[in-house]
Amino acid sequence: MEALNLVLFVVEAVAYFVLMVTLLHFRHRLGLGVFLTALGVMHFMETYLAAVFYVSLPFGDVSPGSSVFFSGKLMMILMLYLWEDAAAVRQPIYGLFLGNLLTVGIAWVLQLHHPLQLSSDQTPDVDFLKEMGWLMIWGTALLYVDSLGIILLYEKLGDFFRRRVVLRFMISGFVLLTFDQVGFFAALHYFLDVPVAVFWGGWKAKMFAVCLYGAMFAIYEYRIRRLGADAAARSISDVFGDLTFRERYNDLLERTGRDMLTGVYDRTRMELEAPLMVREALRQGLSATVLIIDADHFKDVNDGYGHLQGDAVLKLIAARLGTTLRSSDRIFRFGGEEFVAVCPGTNHEEGLLLAERLRWTIATSVKTPDGSPVTVSIGVATADEDGTSFTTVLSAADGRLYAAKKSGRNCVVGRSGVVNSGKPADPPINAIG
């Protein structure tokens with residue numbers, strides 16, 4: 001029987017994780033409200049099962065409501081923080097807390113009624129409703145503390161394990177679910193006289209659940225999310241989306257902040273988005289590389305062929321940058337003939353390869369009206385090795401761009417100096433993009 005219960009325990013954890021992560025993954029299509037509603041609607045069942053429903057497992061008597069579903073909820077809140085922000089995390093916690101207060105208040109008011117008994121075997125149990133309401137309030141208060149704690153601990157662990165996202169995820173779960181087990185069991189013992197022996201079985205079950213969720217988080221993070229982020233980010237198009245003001249507003253917002261000449265994002269958009277992109281990458285334990293691309297001797301193009309031809313060359317450079325960079329990257333026009341590319345999830349070595357690919361592509365495909373090649377110089381810097389803020393990394397990349405100009409132009413300069421200053425006949429074989 002214990003073996004069967006353990007199998008069902010694992011199946012429940014896997015099913016919960018798969019469903020909730022699917023809703024979280026497709027939040028840009030379905031809306032974040034779908035995920036938050038699914039997260040909140042489970043709260044009563046979690047609390048009810050934690051109060052009355054226990055099964056025997058090899059490591060003790062356990063409630064799936066507490067060990068599987070509440071543990072899963074806390075890990076989902078951490079994942080929501082990783083992919084959104086603290087403002088999004090507040091919404092389900094405040095909603096649950098206020099909803100539970102409303103439940104208790106309504107239970108008190110219902111006591112003033114004189115209900116009819118429509119059948120002999122169904123009697124309203126207002127006392128149970130009040131008891132569950134207070135238990136849910138206590139559980140939500142703990143959830144608030146748990147959520148703050150797991151986020152702060154995850155961030156603090158970044159000082160020691162910045163690139164070990166899964167390890168930080170699991171350690172945070174182990175610590176905060178241990179704290180939660182102590183706090184919630186105290187309420188169970190006080191309100192429902194649950195025996196102390198259940199505490200240890202529940203704690204072991206929560207630690208086992210964190211191991212399961214950690215393993216599934218690792219699979220999702222490294223095998224699914226990074227490969228499917230672009231598909232998940234595409235907005236769904238249906239009759240409702242076409243008719244809503246929100247969709248039209250988002251479309252207008254997407255078209256603002258664009259450089260009128262080249263069509264890429266402008267400097268104002270860069271100042272808004274680039275710091276967030278760098279910060280988000282570092283929060284997930286990833287690198288973020290910044291490239292500054294400058295067209296060589298561009299003044300000669302304007303002076304020799306006129307500004308209209310110069311504009312045409314800039315548009316062609318921007319087009320080549322857009323087709324060579326990945327969909328997760330962002331390209332901004334920094335000013336004049338300078339562009340800035342922000343590449344999250346790209347370390348310094350990968351950034352150098354990408355920059356060399358860009359340099360080669362432009363040198364071999366962009367020409368002046370007389371057929372002369374147009375070249376670019378590129379400075380490369382990476383967070384967090386060159387700094388943890390976008391401004392600091394941009395400054396480092398700008399210094400390396402200056403070094404590329406001094407080195408004869410048509411080259412890439414990274415942390416270790418000039419990468420390539422020739423005119424290759426073949427593309428870089430290891431370039432990414």
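With respect to R267 and D259, no salt bridge is recorded, no charged nitrogen being found less than 4.0 Å from a carboxylate O. A salt bridge between D266 and R258 is absent, with no side-chain N of the basic residue lying under 4.0 Å from a carboxylate O of the acidic one. Between D386 and R400 there is a salt bridge, with a side-chain nitrogen of the basic residue lying less than 4.0 Å from a carboxylate oxygen of the acidic one.
Going from atom CG of L325 over to atom CG of L358 covers 5.0 Å, rounded to the nearest 0.5 Å. In this structure, CE on M79 lies 6.0 Å from CG on L24, to the nearest 0.5 angstrom. Taking CZ of F17 as the reference point, atom OH of Y213 lies at 9.0 Å (rounded to 0.5 Å). Taking CG of L32 as the start and CG of L23 as the end, the distance is 10.0 Å to the nearest 0.5 Å. To the nearest 0.5 Å, the span separating OG on S172 from CG on L74 amounts to 9.5 Å. For the atom pair CZ (R330) and CZ (R269), the distance works out to 7.0 Å, reported to the nearest 0.5 Å.
Contact record, P64 with E12: CB-OE1, 3.6 Å, taken as the closest heavy-atom pair. Shortest non-hydrogen contact noted between S377 and N410 is OG-N, 3.2 Å. Here the shortest heavy-atom pairing between A295 and K405 reads O-NZ, 3.7 Å. For the residue pair A281 and A288, the shortest heavy atom distance occurs at CB-CB, 4.0 Å. Residues R168 and E155 approach most closely at NH2-CA, 4.2 Å, considering heavy atoms. Nearest heavy atom pair, residue T262 against residue A318, reads CB-CB, 3.6 Å.
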Item to complete: Take L276 and F390 through the test side-chain contact (heavy atoms from CB on, under 4.5 Å) and record every step on the way to the result.
Response: CA-CA 8 Å; L276 297 177; F390 170 69; over 6 Å; no
Practice prompt. Give the C-alpha distance, both sets of side-chain angles, the deciding distance and a yes or no for side-chain contact (heavy atoms from CB on, under 4.5 Å) between V412 and L352.
Written response: CA-CA 7 Å; V412 174; L352 293 174; 4.1 Å; yes
Practice prompt. Show the numbers, then the answer: is there a side-chain contact (heavy atoms from CB on, under 4.5 Å) between L401 and I378?
Written response: CA-CA 5 Å; L401 173 63; I378 305 178; 5.7 Å; no
Worksheet item: Going through the distances and angles, do R357 and T324 end up as a side chain to side chain donor-acceptor pair (under 3.5 Å)?
Response: CA-CA 8 Å; R357 174 68 177 271; T324 306; 5.4 Å; no
Fill in: side-chain contact (heavy atoms from CB on, under 4.5 Å) assessment of F59 paired with W200
CA-CA 8 Å; F59 35 76; W200 293 109; over 6 Å; no
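Looking only at distances, no side-chain donor or acceptor of T392 sits under 3.5 Å from a matching main-chain atom of T388. At least one donor-acceptor pair under 3.5 Å links the side chain of R333 to the backbone N or O of G336. Side-chain atoms of T37 come within 3.5 Å of backbone N or O of G33 as a donor-acceptor pair. Put simply, the side chain of T364 gets close to the backbone of T361: a donor and an acceptor are under 3.5 Å apart. Using modelled atom types, no side-chain atom of H348 and backbone atom of G414 make a donor-acceptor pair closer than 3.5 Å.
Between L153 and L157 there is a side-chain heavy-atom pair separated by less than 4.5 Å. Taking the side chain as every heavy atom from C-beta outward, V21 and M76 approach each other to under 4.5 Å. Between R326 and C343 there is a side-chain heavy-atom pair separated by less than 4.5 Å. Here the side chains of L57 and E2 are not in contact, with every heavy-atom distance at 4.5 Å or above. You'll find the side chain of K206 stays beyond 4.5 Å of the side chain of V62, heavy atoms only. Put simply, the side chain of M20 reaches to within 4.5 Å of the side chain of Y16, judged on heavy atoms. Residues F70 and D180 meet the side-chain proximity criterion, which asks for heavy atoms closer than 4.5 Å. Between L394 and V340, some side-chain heavy-atom pair lies under the 4.5 Å cut-off.
Under the 6.0 Å cut-off for aromatic ring centres, F26 and F35 do not qualify, their centroids lying 6.0 Å or more apart. For Y220 and W83, the ring centers sit closer than 6.0 Å to each other. Ring centroids of F169 and Y154 are separated by 6.0 Å or more, keeping the two rings apart.
Within a 6.0 Å sphere centred on CZ of F174, other residues, nucleotides and ligands contribute more than 12 heavy atoms. The 12-atom threshold is not exceeded at OH of Y402, counting heavy atoms of other residues, nucleotides or ligands nearer than 6.0 Å.
If you check the side chains of S66 and S63, you find no donor sitting under 3.5 Å from an acceptor. T382 and T289 share a donor-acceptor pair across their side chains, judged by distance under 3.5 Å alone. If you check the side chains of R279 and S389, you find no donor sitting under 3.5 Å from an acceptor.
Aromatic ring pairs are classed by plane angle as parallel below 30°, tilted from 30° to 60° and perpendicular above 60°; the pair F199 and F185 is perpendicular.
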